[in-house]
Amino acid sequence: MQTVQDAPALRAAIRGWRSKGQTVGFVPTMGNLHAGHQSLIKLARARTDRVVASVFVNPTQFGPHEDFERYPRTLLQDQTALTDEGCDLLFAPEVATIYPYGAGHSVSLHVPQITDTLEGAQRPGHFDGVATVVCKLFNLVQPDLAVFGQKDFQQLKVIERMVRDLSLPLKVMAAPTLRADDGLALSSRNQYLSVAERARAPLIHDTLLKMRELLAKGHAWRALEQVAAARLLRAGFVPDYAVIRCAEDLAEPADGRREGLIALIAARLGSTRLIDNLMFD
Ligand code: PAF
């Protein structure tokens with residue numbers, strides 16, 4: 001696998017493939033890759049001739065008091081994991097390549113409505129940073145297909161809307177969430193958890209399952225949100241939200257609606273913020 005840091009080298013490699021009529025799949029990441037990321041590479045690998053991954057810890061999507069500085073940077077291990085997965089090229093740019101005028105002076109994209117709620121409300125500016133960097137990466141890589149994990153469900157919706165609204169010529173694919181045996185969704189942030197916190201963390205997935213079970217038994221979604229938040233609080237989590245929403249736009253469901261719903265939770269456990277979700281199919 002080739003690793004490149006700058007745009008001309010990236011474009012040259014992709015031009016070479018394109019000249020042979022090959023298709024390009026893309027998996028953008030912030031590195032510290034785990035089995036969840038590897039499954040995204042696999043999905044791209046199965047659908048396109050060439051696969052590009054990016055590793056870039058994007059400063060504009062972190063709030064001032066978030067974990068940008070301590071976000072794990074593990075490029076050597078990431079290179080090994082990507083090579084093992086059959087990735088063709090790793091793009092690992094410097095901040096100045098992505099933000100030539102500085103991260104604070106960049107053109108910024110705002111995807112309206114869908115970003116007003118949940119993560120968008122808890123982390124002001126977060127999705128502007130995500131949309132901006134992903135659009136820049138799409139411009140650089142110009143993929144036919146880009147794969148994103150469903151664990152960051154709202155992010156996936158933001159990207160889908162951006163691609164459609166800006167008429168970007170690529171397909172966005174959603175990849176299922178990978179979980180540990182006890183149900184905890186794989187995430188680079190899980191490694192911040194202490195041993196005791198790690199043992200409690202699966203309660204998030206368990207609570208999502210409970211919400212689904214109780215909704216199927218006829219409970220009203222509003223009541224279930226309270227049940228879920230209380231359950232998390234009792235176990236020592238500080239929930240930011242535990243909600244049931246319409247999967248297509250994350251709006252509150254009409255009373256009695258049972259189809260196309262999703263439960264989403266964000267909760268702090270000690271100093272770690274965990275998110276997860278579950279579709280109610
Ligand atoms: O999900 C992530 O890792 C990041 O938000 C992304 C999509 C790579 C943009 O920085």
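Remember, it's 1-based here, ligands and their atoms both numbered in the order they're listed.
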Practice problem: Look at the rings of F56 and Y99 and say which category their plane angle falls in: under 30° parallel, 30 to 60° tilted, over 60° perpendicular. | Solution: tilted

Quiz item: Regarding R245 and the six-membered ring of F153, is the cationic atom NZ or CZ under 6.0 Å from the ring centre and inside 45° of its axis?
Solution: no

Exercise. For ligand 1, find out whether one of its N or O atoms is nearer than 3.5 Å to an N or O atom of Q61.
Key: yes

Quiz item: Which of the atoms in ligand 1, numbered in the order shown and given with their element, are less than 4.0 Å from a heavy-atom of V133?
Solution: 9 (C), 10 (O)

Quiz item: Near T29, which atoms of ligand 1 are under 4.0 Å from a heavy atom of that residue?
Solution: 8 (C)

Exercise. Look at atom 5 (O) of ligand 1 and say which protein heavy atom is nearest, naming residue and atom and giving the distance to 0.1 Å.
Key: Q155 OE1, 2.7 Å

Practice problem: State whether a side-chain donor-acceptor pair under 3.5 Å links T74 with N32. | Solution: yes

Quiz item: Cut-off 3.5 Å, side chains only: do Q154 and E119 have a donor facing an acceptor?
Solution: no

